[in-house]
Amino acid sequence: MAAEENIIHTIGFYNIENLFDTVNNPNTNDDDFLPFSRKRWTEKRYTNKLIKIGNVISEIGDENIDKSPVIVGLAEVENKSVLQDLVQIKTLEDEKYSFIHYDSSDERGVDVALLYKSDAFKILHSETFAVYLEDEFGERDYTRDILLVQGLLENEKFSVLVNHWSSRREGKEETKYKRLAAAQKLNSIIKTIRMANADEKIIVMGDFNDNPDNDSLKLLETESGLFNPFKTVWSRNRGSLNHNFQWHMFDQILCSTNLLNTSTSKLSFSDANIFDERFLTQYHGKFKGQPFRTYVGKRYKGGYSDHFPVYINLKRP
(Lines give C-alpha, C1' and ligand atoms only; values in the text may rest on other atoms or scores of the structure.)
Protein backbone atom coordinates (compact mmCIF):
# COMPACT_ATOMS: atom_id res chain seq x y z
CA MET A 1 0.00 0.00 0.00
CA ALA A 2 1.29 3.43 -0.92
CA ALA A 3 2.16 5.90 1.80
CA GLU A 4 -0.60 8.47 2.23
CA GLU A 5 1.68 11.50 1.98
CA ASN A 6 2.87 10.45 -1.49
CA ILE A 7 -0.55 9.87 -3.03
CA ILE A 8 -2.00 12.79 -4.90
CA HIS A 9 -4.75 11.19 -7.01
CA THR A 10 -6.77 7.98 -7.18
CA ILE A 11 -8.23 6.94 -10.54
CA GLY A 12 -10.94 4.26 -10.58
CA PHE A 13 -13.10 2.17 -12.85
CA TYR A 14 -16.41 0.49 -11.96
CA ASN A 15 -18.86 -1.64 -13.93
CA ILE A 16 -22.00 -0.72 -12.02
CA GLU A 17 -24.27 -3.50 -13.36
CA ASN A 18 -27.13 -2.00 -15.34
CA LEU A 19 -27.77 1.49 -13.99
CA PHE A 20 -31.10 2.07 -15.74
CA ASP A 21 -33.78 4.59 -14.88
CA THR A 22 -37.44 3.49 -14.71
CA VAL A 23 -38.53 5.29 -17.90
CA ASN A 24 -39.13 3.36 -21.10
CA ASN A 25 -36.86 4.27 -24.01
CA PRO A 26 -38.50 3.01 -27.22
CA ASN A 27 -35.16 3.12 -29.05
CA THR A 28 -33.30 0.65 -26.81
CA ASN A 29 -33.90 -2.75 -25.26
CA ASP A 30 -34.52 -1.53 -21.70
CA ASP A 31 -37.75 -3.49 -21.17
CA ASP A 32 -36.30 -5.55 -18.30
CA PHE A 33 -35.71 -2.37 -16.29
CA LEU A 34 -39.21 -0.97 -15.99
CA PRO A 35 -41.60 -1.01 -13.01
CA PHE A 36 -43.90 -3.67 -14.50
CA SER A 37 -41.20 -5.76 -16.16
CA ARG A 38 -40.15 -9.22 -15.04
CA LYS A 39 -37.43 -7.63 -12.91
CA ARG A 40 -39.87 -5.10 -11.38
CA TRP A 41 -37.39 -2.26 -11.60
CA THR A 42 -39.18 0.28 -9.41
CA GLU A 43 -38.29 3.81 -8.36
CA LYS A 44 -37.47 2.48 -4.89
CA ARG A 45 -35.03 -0.08 -6.28
CA TYR A 46 -33.49 2.52 -8.58
CA THR A 47 -32.95 4.94 -5.68
CA ASN A 48 -31.45 2.16 -3.55
CA LYS A 49 -29.03 1.36 -6.38
CA LEU A 50 -28.00 5.02 -6.73
CA ILE A 51 -27.32 5.31 -2.99
CA LYS A 52 -25.25 2.13 -2.98
CA ILE A 53 -23.19 3.04 -6.05
CA GLY A 54 -22.66 6.56 -4.72
CA ASN A 55 -21.38 5.17 -1.43
CA VAL A 56 -18.93 2.90 -3.25
CA ILE A 57 -17.55 5.61 -5.53
CA SER A 58 -16.95 7.91 -2.55
CA GLU A 59 -14.90 5.16 -0.88
CA ILE A 60 -12.82 3.78 -3.78
CA GLY A 61 -9.13 3.79 -2.94
CA ASP A 62 -6.79 3.01 -0.08
CA GLU A 63 -8.44 3.16 3.32
CA ASN A 64 -5.76 5.57 4.61
CA ILE A 65 -6.40 8.13 1.86
CA ASP A 66 -9.23 10.40 2.89
CA LYS A 67 -10.54 11.56 -0.48
CA SER A 68 -12.56 10.07 -3.31
CA PRO A 69 -11.09 9.41 -6.79
CA VAL A 70 -10.41 12.34 -9.07
CA ILE A 71 -11.56 10.30 -12.08
CA VAL A 72 -13.89 7.28 -12.25
CA GLY A 73 -14.73 5.44 -15.44
CA LEU A 74 -18.12 3.71 -15.46
CA ALA A 75 -19.65 0.90 -17.51
CA GLU A 76 -23.32 -0.06 -17.93
CA VAL A 77 -24.83 3.41 -17.74
CA GLU A 78 -28.12 3.98 -19.55
CA ASN A 79 -28.08 7.73 -20.12
CA LYS A 80 -27.19 11.20 -18.85
CA SER A 81 -30.23 11.24 -16.58
CA VAL A 82 -28.95 8.41 -14.37
CA LEU A 83 -25.54 10.08 -14.13
CA GLN A 84 -27.18 13.35 -13.07
CA ASP A 85 -29.07 11.45 -10.37
CA LEU A 86 -25.90 9.65 -9.30
CA VAL A 87 -23.69 12.72 -8.81
CA GLN A 88 -26.45 14.30 -6.68
CA ILE A 89 -26.52 11.40 -4.20
CA LYS A 90 -25.66 12.63 -0.70
CA THR A 91 -22.27 10.91 -0.50
CA LEU A 92 -21.19 12.43 -3.83
CA GLU A 93 -22.77 15.88 -4.01
CA ASP A 94 -20.01 17.52 -1.95
CA GLU A 95 -17.38 15.94 -4.22
CA LYS A 96 -18.74 18.04 -7.10
CA TYR A 97 -18.33 15.42 -9.80
CA SER A 98 -19.06 16.33 -13.40
CA PHE A 99 -19.50 13.69 -16.08
CA ILE A 100 -19.03 12.97 -19.76
CA HIS A 101 -21.36 10.60 -21.57
CA TYR A 102 -22.35 9.90 -25.16
CA ASP A 103 -25.17 7.62 -26.30
CA SER A 104 -23.82 4.67 -28.26
CA SER A 105 -25.59 2.31 -30.65
CA ASP A 106 -25.33 -0.60 -28.22
CA GLU A 107 -28.46 -2.71 -28.55
CA ARG A 108 -29.03 -2.88 -24.80
CA GLY A 109 -28.65 0.86 -24.48
CA VAL A 110 -25.77 0.74 -22.01
CA ASP A 111 -22.76 2.99 -22.40
CA VAL A 112 -19.52 3.95 -20.74
CA ALA A 113 -19.06 7.31 -19.00
CA LEU A 114 -16.50 9.29 -17.05
CA LEU A 115 -16.97 11.03 -13.72
CA TYR A 116 -14.36 13.63 -12.83
CA LYS A 117 -13.73 16.39 -10.32
CA SER A 118 -13.80 19.52 -12.46
CA ASP A 119 -11.68 21.50 -10.00
CA ALA A 120 -8.81 19.02 -10.52
CA PHE A 121 -9.22 17.61 -14.04
CA LYS A 122 -9.64 20.31 -16.67
CA ILE A 123 -11.37 18.93 -19.77
CA LEU A 124 -9.85 19.82 -23.15
CA HIS A 125 -11.63 17.43 -25.50
CA SER A 126 -13.89 14.37 -25.59
CA GLU A 127 -15.24 12.08 -28.31
CA THR A 128 -16.27 8.49 -28.90
CA PHE A 129 -15.09 5.84 -31.33
CA ALA A 130 -17.22 2.99 -32.63
CA VAL A 131 -15.86 -0.56 -32.79
CA TYR A 132 -16.97 -2.03 -36.10
CA LEU A 133 -18.21 -5.62 -35.78
CA GLU A 134 -20.23 -7.93 -38.01
CA ASP A 135 -22.29 -10.97 -37.05
CA GLU A 136 -22.22 -14.33 -38.84
CA PHE A 137 -24.67 -13.00 -41.43
CA GLY A 138 -22.52 -10.01 -42.32
CA GLU A 139 -24.85 -7.61 -40.53
CA ARG A 140 -23.50 -4.78 -38.36
CA ASP A 141 -23.19 -5.89 -34.73
CA TYR A 142 -23.44 -2.82 -32.51
CA THR A 143 -21.47 -2.62 -29.27
CA ARG A 144 -20.32 0.00 -26.79
CA ASP A 145 -18.19 2.87 -28.08
CA ILE A 146 -14.74 3.70 -26.73
CA LEU A 147 -14.81 7.03 -24.89
CA LEU A 148 -11.79 9.34 -25.12
CA VAL A 149 -11.48 12.22 -22.65
CA GLN A 150 -8.45 14.51 -22.74
CA GLY A 151 -7.67 16.96 -19.99
CA LEU A 152 -5.12 18.50 -17.67
CA LEU A 153 -4.28 16.89 -14.34
CA GLU A 154 -1.65 18.78 -12.34
CA ASN A 155 -1.11 20.75 -15.57
CA GLU A 156 -0.05 17.63 -17.42
CA LYS A 157 -2.06 16.43 -20.39
CA PHE A 158 -3.78 13.08 -19.96
CA SER A 159 -5.80 10.99 -22.38
CA VAL A 160 -8.26 8.69 -20.60
CA LEU A 161 -9.90 5.94 -22.65
CA VAL A 162 -12.92 4.15 -21.19
CA ASN A 163 -13.91 0.73 -22.56
CA HIS A 164 -16.55 -1.96 -22.21
CA TRP A 165 -15.71 -4.72 -24.64
CA SER A 166 -18.01 -7.45 -25.97
CA SER A 167 -19.03 -10.15 -23.51
CA ARG A 168 -18.30 -13.86 -23.61
CA ARG A 169 -21.98 -14.77 -23.48
CA GLU A 170 -21.85 -16.80 -26.73
CA GLY A 171 -18.56 -18.40 -25.69
CA LYS A 172 -15.04 -17.21 -24.97
CA GLU A 173 -13.50 -18.41 -28.25
CA GLU A 174 -16.59 -17.64 -30.34
CA THR A 175 -16.48 -13.98 -29.28
CA LYS A 176 -12.70 -13.53 -29.09
CA TYR A 177 -12.59 -11.73 -32.47
CA LYS A 178 -14.82 -8.99 -31.08
CA ARG A 179 -12.43 -8.15 -28.26
CA LEU A 180 -9.44 -8.32 -30.59
CA ALA A 181 -11.23 -5.83 -32.87
CA ALA A 182 -11.73 -3.50 -29.89
CA ALA A 183 -8.05 -3.82 -28.96
CA GLN A 184 -7.00 -2.98 -32.51
CA LYS A 185 -9.31 0.05 -32.56
CA LEU A 186 -7.91 1.21 -29.23
CA ASN A 187 -4.34 0.83 -30.48
CA SER A 188 -5.17 2.95 -33.53
CA ILE A 189 -6.64 5.69 -31.31
CA ILE A 190 -3.51 5.68 -29.13
CA LYS A 191 -1.31 5.86 -32.22
CA THR A 192 -3.19 8.98 -33.36
CA ILE A 193 -2.87 10.56 -29.90
CA ARG A 194 0.89 10.00 -29.91
CA MET A 195 1.27 11.43 -33.41
CA ALA A 196 -0.08 14.70 -32.01
CA ASN A 197 1.87 14.48 -28.74
CA ALA A 198 4.47 11.78 -28.23
CA ASP A 199 4.70 12.52 -24.50
CA GLU A 200 0.96 12.31 -23.73
CA LYS A 201 0.11 10.49 -20.50
CA ILE A 202 -2.37 7.75 -21.40
CA ILE A 203 -4.69 5.80 -19.11
CA VAL A 204 -6.78 2.96 -20.52
CA MET A 205 -9.51 1.55 -18.31
CA GLY A 206 -12.49 -0.70 -18.69
CA ASP A 207 -14.35 -3.95 -18.41
CA PHE A 208 -12.49 -5.81 -21.14
CA ASN A 209 -14.29 -9.13 -20.68
CA ASP A 210 -10.82 -10.64 -20.94
CA ASN A 211 -8.11 -11.32 -18.39
CA PRO A 212 -4.60 -9.78 -18.42
CA ASP A 213 -3.16 -12.94 -20.00
CA ASN A 214 -5.60 -13.00 -22.94
CA ASP A 215 -4.48 -12.02 -26.45
CA SER A 216 -6.51 -8.80 -26.57
CA LEU A 217 -4.82 -7.34 -23.48
CA LYS A 218 -1.41 -8.57 -24.61
CA LEU A 219 -2.02 -6.69 -27.87
CA LEU A 220 -2.44 -3.44 -25.92
CA GLU A 221 0.80 -4.04 -24.07
CA THR A 222 2.88 -4.93 -27.11
CA GLU A 223 1.50 -2.55 -29.77
CA SER A 224 0.82 0.48 -27.58
CA GLY A 225 3.53 -0.15 -25.01
CA LEU A 226 1.14 0.01 -22.07
CA PHE A 227 1.91 -1.14 -18.56
CA ASN A 228 -0.72 -3.41 -16.95
CA PRO A 229 -0.37 -3.53 -13.15
CA PHE A 230 -3.34 -5.88 -12.82
CA LYS A 231 -1.29 -8.79 -14.13
CA THR A 232 0.10 -9.11 -10.61
CA VAL A 233 -3.01 -7.96 -8.69
CA TRP A 234 -5.05 -10.83 -10.16
CA SER A 235 -4.66 -14.21 -8.48
CA ARG A 236 -6.40 -17.54 -8.10
CA ASN A 237 -8.14 -16.20 -4.98
CA ARG A 238 -8.83 -12.66 -6.08
CA GLY A 239 -10.26 -10.76 -9.03
CA SER A 240 -12.84 -8.17 -10.06
CA LEU A 241 -15.63 -10.69 -10.70
CA ASN A 242 -16.36 -14.34 -10.09
CA HIS A 243 -17.93 -16.73 -12.60
CA ASN A 244 -18.55 -20.39 -11.80
CA PHE A 245 -16.40 -20.00 -8.67
CA GLN A 246 -13.43 -18.79 -10.69
CA TRP A 247 -11.95 -15.33 -10.22
CA HIS A 248 -11.48 -13.19 -13.34
CA MET A 249 -9.75 -9.83 -13.77
CA PHE A 250 -11.91 -8.35 -16.53
CA ASP A 251 -11.73 -4.86 -15.00
CA GLN A 252 -8.32 -3.28 -15.43
CA ILE A 253 -6.51 0.05 -15.69
CA LEU A 254 -3.42 0.27 -17.88
CA CYS A 255 -1.13 3.24 -18.34
CA SER A 256 1.60 4.51 -20.64
CA THR A 257 5.13 3.78 -19.48
CA ASN A 258 5.98 7.47 -19.16
CA LEU A 259 3.90 7.39 -15.97
CA LEU A 260 6.56 5.08 -14.54
CA ASN A 261 9.30 7.65 -15.14
CA THR A 262 9.60 9.74 -11.98
CA SER A 263 12.24 12.03 -13.47
CA THR A 264 10.12 13.43 -16.31
CA SER A 265 6.60 13.50 -14.88
CA LYS A 266 4.87 15.56 -12.22
CA LEU A 267 2.75 12.49 -11.52
CA SER A 268 3.81 8.89 -11.61
CA PHE A 269 2.20 5.49 -11.10
CA SER A 270 2.26 4.33 -7.49
CA ASP A 271 0.19 1.14 -7.15
CA ALA A 272 -2.96 -0.66 -8.26
CA ASN A 273 -5.63 -2.63 -6.45
CA ILE A 274 -9.13 -4.07 -6.43
CA PHE A 275 -11.62 -2.31 -4.19
CA ASP A 276 -13.13 -5.44 -2.66
CA GLU A 277 -13.99 -4.31 0.85
CA ARG A 278 -16.20 -6.69 2.81
CA PHE A 279 -19.30 -4.47 2.56
CA LEU A 280 -19.28 -5.07 -1.22
CA THR A 281 -19.36 -8.84 -0.85
CA GLN A 282 -21.91 -11.51 -0.03
CA TYR A 283 -21.47 -12.31 3.64
CA HIS A 284 -22.89 -15.84 3.80
CA GLY A 285 -23.51 -19.03 1.86
CA LYS A 286 -21.66 -20.68 -0.96
CA PHE A 287 -21.10 -17.32 -2.72
CA LYS A 288 -19.45 -15.76 0.35
CA GLY A 289 -16.77 -13.24 -0.64
CA GLN A 290 -18.13 -12.73 -4.16
CA PRO A 291 -19.57 -9.38 -5.31
CA PHE A 292 -23.00 -8.62 -3.82
CA ARG A 293 -25.09 -8.16 -6.95
CA THR A 294 -28.23 -6.16 -7.69
CA TYR A 295 -29.80 -9.08 -9.54
CA VAL A 296 -29.07 -12.75 -10.06
CA GLY A 297 -31.02 -13.45 -13.23
CA LYS A 298 -34.45 -12.01 -12.55
CA ARG A 299 -34.13 -12.33 -8.76
CA TYR A 300 -33.60 -9.01 -7.00
CA LYS A 301 -30.85 -9.13 -4.38
CA GLY A 302 -30.52 -5.41 -3.68
CA GLY A 303 -26.73 -5.39 -3.80
CA TYR A 304 -24.18 -3.20 -5.53
CA SER A 305 -22.82 -4.81 -8.69
CA ASP A 306 -21.55 -8.11 -10.05
CA HIS A 307 -18.11 -6.45 -10.40
CA PHE A 308 -15.72 -4.93 -7.87
CA PRO A 309 -14.21 -1.53 -8.73
CA VAL A 310 -10.50 -1.30 -9.54
CA TYR A 311 -8.18 1.66 -9.08
CA ILE A 312 -4.67 2.99 -9.45
CA ASN A 313 -2.89 5.63 -7.39
CA LEU A 314 -0.75 8.40 -8.82
CA LYS A 315 1.88 10.11 -6.69
CA ARG A 316 4.23 13.04 -6.90
CA PRO A 317 7.76 11.71 -7.57
Enquirer: So, does Glu43 use its side chain to make a donor-acceptor pair with the main chain of Pro35 at under 3.5 Å?
Expert: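 No; zero donor-acceptor contacts below 3.5 Å.
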Enquirer: Give a yes or no answer on whether the side chain of Glu17 reaches the backbone of Tyr295 with a donor-acceptor pair at less than 3.5 Å.
Expert: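 Looks like yes, one N/O pair under 3.5 Å.
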Enquirer: For the CD1 atom of Ile16 and the CG atom of Asp207, what is their distance to the nearest 0.5 Å?
Expert: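 One finds 12.0 Å between CD1 of Ile16 and CG of Asp207.
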Enquirer: Please enumerate all residues that pass ring-ring contact (aromatic ring centres under 6.0 Å, His included) together with Phe245, with sequence neighbours excluded.
Expert: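 So Phe245 forms a ring-ring contact (aromatic ring centres under 6.0 Å, His included) with Phe287.
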Enquirer: Looking only at the side chains, is there a donor atom on one of Asp111 and Ser104 sitting less than 3.5 Å from an acceptor on the other?
Expert: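 The criterion, which ignores hydrogens and geometry beyond distance, is satisfied for Ser104 and Asp111.
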Enquirer: Picking from Ile274, Leu280, Val72, Ile57, what satisfies side-chain contact (heavy atoms from CB on, under 4.5 Å) with Pro309?
Expert: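 Checked Ile274, Leu280, Val72, Ile57 against Pro309; only one passes side-chain contact (heavy atoms from CB on, under 4.5 Å): Leu280.
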Enquirer: Is there a continuous path of hydrophobic side-chain contacts, each under 4.5 Å between heavy atoms, that joins Val87 to Val149?
Expert: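 Same cluster: Val87 reaches Val149 through Ile, Leu, Val, Met, Phe, Trp or Tyr contacts under 4.5 Å.
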Enquirer: Whether the side chain of Ser37 engages the backbone of Asp32 through a donor-acceptor N/O pair (distance < 3.5 Å, no angle test) should be reported.
Expert: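 Yes: the side chain of Ser37 pairs with the backbone of Asp32.
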Enquirer: Would Ile53 and Phe279 show up in the same hydrophobic cluster when neighbours are defined by side-chain heavy atoms closer than 4.5 Å?
Expert: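 Yes; tracing contacts between hydrophobic side chains, which count when under 4.5 Å, links both residues.
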Enquirer: Which heavy atom of Pro69 sits nearest a heavy atom of Gly12, and at what distance?
Expert: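 Heavy atoms only, the tightest pair is CB-N, 4.3 Å.
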Enquirer: Rounded to the nearest 0.5 Å, how far does CG of Asn211 lie from CE of Met249?
Expert: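 Going from CE on Met249 over to CG on Asn211, the span is 8.5 Å.
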Enquirer: Is the closest side-chain heavy-atom distance between Arg168 and Arg179 below 4.5 Å?
Expert: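 Yes. Closest side-chain heavy atoms under 4.5 Å.
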Enquirer: Report, as yes or no, whether the 6.0 Å neighbourhood of atom NZ on Lys122 holds more than 12 heavy atoms from other residues, nucleotides or ligands.
Expert: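 Enclosed.
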Enquirer: So how far is it from Ser98 OG to Ile123 CD1, rounded to the nearest 0.5 Å?
Expert: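 One gets 8.0 Å once the value is rounded to the nearest 0.5 Å.
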Enquirer: Is the shortest side-chain heavy-atom distance between Asn209 and His164 below 4.5 Å?
Expert: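 Yes, side chains in contact.
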Enquirer: Going hydrophobic residue to hydrophobic residue with side-chain gaps under 4.5 angstrom, can you get from Leu114 over to Leu152?
Expert: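 No.
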Enquirer: When rounded to the nearest 0.5 angstrom, what distance separates CD in Gln150 from NZ in Lys157?
Expert: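 The NZ atom of Lys157 is 4.5 Å from CD of Gln150, to the nearest 0.5 Å.
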Enquirer: Give me the atom names and distance for the closest heavy-atom approach of Gly239 to Phe308.
Expert: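 That would be O-CD1, 3.5 Å.
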Enquirer: In Å and rounded to the nearest 0.5 Å, what is the OH to CZ distance from Tyr116 to Phe99?
Expert: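 Spacing of OH (Tyr116) from CZ (Phe99) equals 9.0 Å.
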Enquirer: Hey, are the side chains of Gln252 and Val310 touching, using non-hydrogen atoms and a 4.5 Å cut-off?
Expert: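 Heavy-atom side-chain distance check fails, nothing below 4.5 Å.
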Enquirer: I'd like to know whether the aromatic ring centres of Phe121 and Phe158 sit less than 6.0 Å apart in this structure.
Expert: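 For Phe121 and Phe158, the ring centres are not under 6.0 Å apart.
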Enquirer: Between Asn258 and Ser256, does the side chain to side chain donor-acceptor pair (under 3.5 Å) criterion hold? Intermediate values first, please.
Expert: CA-CA 5 Å; Asn258 54 2; Ser256 50; 2.5 Å; yes
Enquirer: Who passes side chain to side chain donor-acceptor pair (under 3.5 Å) against Ser126, sequence neighbours left out?
Expert: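 In terms of side chain to side chain donor-acceptor pair (under 3.5 Å), with neighbours along the sequence ignored, Ser126 is linked to Tyr102.
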Enquirer: Is any side-chain heavy atom of Ser240 less than 4.5 Å from a side-chain heavy atom of Phe230?
Expert: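 Side-chain contact under 4.5 Å: no.
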Enquirer: Counting C-beta onward and ignoring hydrogens, is there a side-chain heavy-atom pair between Ser268 and Leu259 closer than 4.5 Å?
Expert: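 Not touching, per the 4.5 Å side-chain cut-off.
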Enquirer: Considering non-hydrogen atoms only, spot the tightest contact between Glu200 and Ser159 and give its length.
Expert: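 Heavy-atom minimum between the residues: OE2-OG, 2.6 Å.
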Enquirer: Not counting sequence neighbours, list each pair that qualifies as a salt bridge (charged side-chain N to carboxylate O under 4.0 Å, His left out) and has a residue in residues 80-101.
Expert: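 Pairs touching residues 80-101 that pass the test: Glu95-Lys117.
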Enquirer: What's the shortest heavy-atom distance between Phe269 and Pro229, and which atoms?
Expert: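 Smallest heavy-atom distance, with atoms named: CZ-CB, 3.6 Å.
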Enquirer: Sorted by first residue and then second, give each salt bridge (charged side-chain N to carboxylate O under 4.0 Å, His left out) pair with at least one member in residues 231-259; sequence neighbours left out.
Expert: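 Qualifying pairs: Glu221-Lys231, Arg238-Asp276.
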Enquirer: Taking C-beta and beyond as the side chain, do Val82 and Tyr46 meet within less than 4.5 Å on heavy atoms?
Expert: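 Yes, close enough: below the 4.5 Å cut-off.
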Enquirer: How is the hydrophobic cluster of Leu148 composed, in terms of its other members, when Ile, Leu, Val, Met, Phe, Trp and Tyr link through side-chain heavy atoms under 4.5 Å apart, directly or indirectly?
Expert: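 Answer for Leu148: Phe129, Val131, Leu133, Ile146, Leu161, Trp165, Leu186, Ile189, Ile190, Ile193, Ile202, Val204, Phe208, Leu217, Leu220, Leu226, Leu254.
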Enquirer: Is there a path of hydrophobic side-chain contacts, each under 4.5 Å between heavy atoms of I, L, V, M, F, W or Y residues, that connects Phe250 with Trp234?
Expert: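 No, because Phe250 and Trp234 fall into different hydrophobic clusters, even though each may have its own neighbours under 4.5 Å.
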Enquirer: Would you say Asp119 has more than 12 foreign heavy atoms packed within less than 6.0 Å of its CG?
Expert: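 Atom CG in Asp119 is packed in, count exceeds 12.
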Enquirer: If only side-chain N and O atoms count, and only distance matters, is there a donor-acceptor pair under 3.5 Å linking Glu170 with Thr175?
Expert: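 Not at all, the side chains of Thr175 and Glu170 share no donor-acceptor pair under 3.5 Å.
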Enquirer: List for me each residue that meets ring-ring contact (aromatic ring centres under 6.0 Å, His included) alongside Phe20, sequence neighbours excluded, and say none if there are none.
Expert: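 ring-ring contact (aromatic ring centres under 6.0 Å, His included) list for Phe20, sorted by chain: Phe33.
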Enquirer: Asn25 and Asp30: which non-hydrogen atoms are nearest, and at how many Å?
Expert: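 Reported closest heavy-atom pair: N-OD2, 2.8 Å.
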Enquirer: Would you say the side-chain atoms of Asp106 and Thr143 include a donor-acceptor pair closer than 3.5 Å?
Expert: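 There is no such pair between these side chains.
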Enquirer: Carefully, step by step, assess Val110 and Leu19 under the rule side-chain contact (heavy atoms from CB on, under 4.5 Å).
Expert: CA-CA 8 Å; Val110 291; Leu19 184 60; over 6 Å; no
Enquirer: Hey, quick one: are Leu241 and Val56 part of the same hydrophobic cluster, counting side-chain heavy atoms closer than 4.5 Å, chains of contacts allowed?
Expert: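 Hydrophobic grouping puts Leu241 apart from Val56.
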Enquirer: Hydrogens and angles aside, do Lys49 and Thr294 bring a side-chain donor and acceptor to less than 3.5 Å of each other?
Expert: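 Short answer, yes.
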Enquirer: Where do Glu78 and Asp103 come nearest, in terms of heavy atoms and distance?
Expert: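 The pair with the smallest heavy-atom distance is O-OD1, 3.9 Å.
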Enquirer: Are Arg40 and Tyr300 in a cation-pi contact, defined as NZ or CZ under 6.0 Å from the six-membered ring centre and within 45° of the axis?
Expert: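 Negative - Arg40 is either too far from the ring of Tyr300 or too far off its axis.
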Enquirer: Do the side chains of Leu74 and Val162 get nearer than 4.5 Å, heavy atoms only?
Expert: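 No, too far: nothing below the 4.5 Å cut-off.
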Enquirer: Please determine which of Lys201, Arg316, Lys266 meets the salt bridge (Lys or Arg N to Asp or Glu O under 4.0 Å) test together with Glu154.
Expert: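 Exactly one pass, corresponding to Arg316.
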Enquirer: Is any side-chain heavy atom of Lys52 closer than 4.5 Å to a side-chain heavy atom of Asn48?
Expert: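 Lys52 reaches Asn48 side chain to side chain.
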Enquirer: Would you say Tyr283 has more than 12 foreign heavy atoms packed within less than 6.0 Å of its OH?
Expert: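 For Tyr283, atom OH is crowded (more than 12 foreign heavy atoms under 6.0 Å).
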Enquirer: Can you find a side-chain donor-acceptor pair between Asn79 and Asp21 that sits under 3.5 Å?
Expert: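 Present: a donor and an acceptor within the cut-off.
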Enquirer: Hydrogens and angles aside, do Thr91 and Asn55 bring a side-chain donor and acceptor to less than 3.5 Å of each other?
Expert: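 Yes, Asn55 and Thr91 have a side-chain donor paired with an acceptor closer than 3.5 Å.
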Enquirer: Quick one: do Ile71 and Ile203 satisfy side-chain contact (heavy atoms from CB on, under 4.5 Å)? Show the steps, please.
Expert: CA-CA 11 Å; Ile71 292 169; Ile203 291 176; over 6 Å; no
Enquirer: Just by distance, do the side chain of Ser265 and the backbone of Asn261 share a donor-acceptor pair under 3.5 Å?
Expert: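 No, Ser265 side chain to Asn261 backbone: no donor-acceptor pair under 3.5 Å.
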Enquirer: Quick check for you: to the nearest 0.5 Å, what is the distance between Lys176 atom NZ and Asn214 atom CG?
Expert: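 It comes to 7.5 Å.
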Enquirer: Any sub-3.5 Å donor-acceptor pair from Asp145's side-chain atoms to Leu147's backbone N or O?
Expert: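 The answer is no, because no donor-acceptor pair under 3.5 Å joins these two groups.
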Enquirer: Check whether the side chains of Asn187 and Ser224 place a donor and an acceptor atom closer than 3.5 Å, and report yes or no.
Expert: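 A pair is found: one side chain offers a donor N or O, the other an acceptor, under 3.5 Å apart.
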Enquirer: Are Asn163 and Val112 close enough, and set up right, to give a side-chain contact (heavy atoms from CB on, under 4.5 Å), and what steps lead you there?
Expert: CA-CA 7 Å; Asn163 300 260; Val112 296; 5.9 Å; no
